[in-house]
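Right, I'll just put the structure down here and ask away after.
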Protein chains: 2
Amino acid sequence: MSSENTELRKAGLKVTLPRVKIFNILQTTSEDHHLSAEDVYRKLLESGDDVGLATVYRVLTQFEAAGLVLRHNFEGGHAVFEMAGEEHHDHMVCTETSKVIEFYDSVIEERQRAIAEEHGYDLVDHSLILYVKPRKN
Amino acid sequence: MSSENTELRKAGLKVTLPRVKIFNILQTTSEDHHLSAEDVYRKLLESGDDVGLATVYRVLTQFEAAGLVLRHNFEGGHAVFEMAGEEHHDHMVCTETSKVIEFYDSVIEERQRAIAEEHGYDLVDHSLILYVKPRKN
DNA sequence: CTCCCTGCAAATCCTTTGCACATGT
DNA sequence: ACATGTGCAAAGGATTTGCAGGGAG
């Protein structure tokens, strides 16, 4: 029994076919593991699985609520999802190729916390996206 | 002739009533100057101006293209617009009150540039939003 | 007078919901 | 069995677009 079953149960979700399939797609899509609901849906169809788009949205939302998955609003228009790894990271999006690069910077992380505090707040979460283009020398 | 006329002309836009009105609303709404298209639309109606919501969207998009206005995608769902001031800043949004606070931090700005560069890119733009909640001691 | 602009309504896009049926445990 | 989950189609909210009439230069 693959480990996703335990993950799902732990989240209080029945282990159903759509959920397992979607979980696996999110895990195994390595290239760009930032998928939109449509992307996931398309991959399901390609695999010959008959899952409704509505279910994909429902499942992704449940996964997000369970902390298994992160939802990002990159450009606006549509959201993308990625497996919630252990370590936090931010994103850099190439404006020409749409390539997404992940990075982590402790200096920035720390400054964010400090800034929130200076204003009398606690930092709950943050969203940092760098829009970049290939360097030309 | 108020200066917005020149601004509009400079952007290659005819000086029409809806555009001037919207420009003014964006300038004079001081409290929270982050308005959604609906917000602007509502304010127009309140002022007794008969402008269509579609026009509000069109004008805001034109203003954005002209660099007069910035569009932000805070929570997702709807966008908010603000006058493009001279100095850049980022945003902090309170998760409980929805209050928006602007801030600028040179350390973060610099790190962002450096990080993009380390990856062989030039920083074109960025979006940083801190989600915070009031500090409880 | 000629284009650019606007209002209105219909169209799109992404996402959510209602409902009757199907399925895990 | 019983509660949950699912598919389908319809509903929703935000934003865009087509079109015919209106207004700036």
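For clarity, every value in this text was computed on a predicted model and none was experimentally measured. Naming: A, B, ... by sequence-line order, numbering from 1 per chain.
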Under 4.0 angstrom between A/Y57 side-chain N/O and C/dT16 OP1 or OP2: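 For C/dT16, OP1/OP2 do not have a side-chain N/O of A/Y57 under 4.0 Å.
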Heavy-atom check, side chain of A/V69 versus side chain of A/L26, under 4.5 Å: yes
Presence of donor-acceptor pair under 3.5 Å, side chain of A/R58 and base of D/dG7: yes
Ring centre gap for A/H119 and A/Y121 strictly below 6.0 Å: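 Between A/H119 and A/Y121, the centre distance exceeds or equals 6.0 Å.
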Closest listed nucleotide, where the reference is the side chain of B/K14 and the choices are D/dA24, D/dA9, D/dT15: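 Closest of the options to the side chain of B/K14: D/dA24.
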Between C/dT6 (P) and B/D50 (CG): distance, integer Å: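 For the pair B/D50 CG and C/dT6 P, the rounded distance is 13 Å.
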A/E109 side chain to A/H88 side chain, donor-acceptor N/O pair below 3.5 angstrom: yes
Nearest-nucleotide 5' precedence on DNA chain D, B/A79 against B/V15: B/A79
Length of the line joining B/Q62:CD and D/dT16:C1', which is rounded to integer Å: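 Checked: the CD to C1' distance equals 13 Å.
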Length of the line joining A/E38:CD and C/dT16:P, which is rounded to integer Å: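 That distance rounds to 13 Å.
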A/R19 vs D/dT6: side-chain N/O to OP1/OP2 distance below 4.0 Å: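 So the side-chain polar atoms of A/R19 do come within 4.0 Å of the phosphate oxygens OP1 or OP2 of D/dT6, strictly under.
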Mutual orientation of the aromatic rings belonging to B/H91 and B/H89 [parallel < 30°, tilted 30-60°, perpendicular > 60°]: perpendicular
Plane angle bin for B/F23 and B/F63 - parallel if under 30°, tilted between 30 and 60°, otherwise perpendicular: perpendicular
Short side-chain N/O contact from A/T16 to OP1 or OP2 of D/dT6, under 4.0 Å: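 Answer yes for this pair, as a side-chain N or O of A/T16 is under 4.0 Å from OP1 or OP2.
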Under-4.0 Å side-chain N/O to phosphate OP1/OP2 contact, A/T55 with D/dG5: no
Protein-nucleotide distance (B/L60, atom CG; D/dT17, atom C1'), rounded to Å: 17 Å
For atom OH of B/Y41 and atom P of D/dT15, their distance in whole Å: 14 Å
Nucleotide nearest A/L13 when distance is taken to its side chain, options D/dG7, D/dG5, C/dC5: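 Of the options given, the side chain of A/L13 lies nearest D/dG5.
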Spacing of A/H78 atom NE2 relative to C/dT16 atom P, expressed in whole Å: 14 Å
d(CG, A/N73; C1', C/dC14) in whole Å: 11 Å
Whole angstrom value for the distance that separates P of C/dG24 from CG of A/N5: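 Those two atoms, CG and P, are 12 Å apart.
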Touch class at under 4.0 angstrom, heavy-atom based, for B/R71 against every strand present: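 Contact class for B/R71: none.
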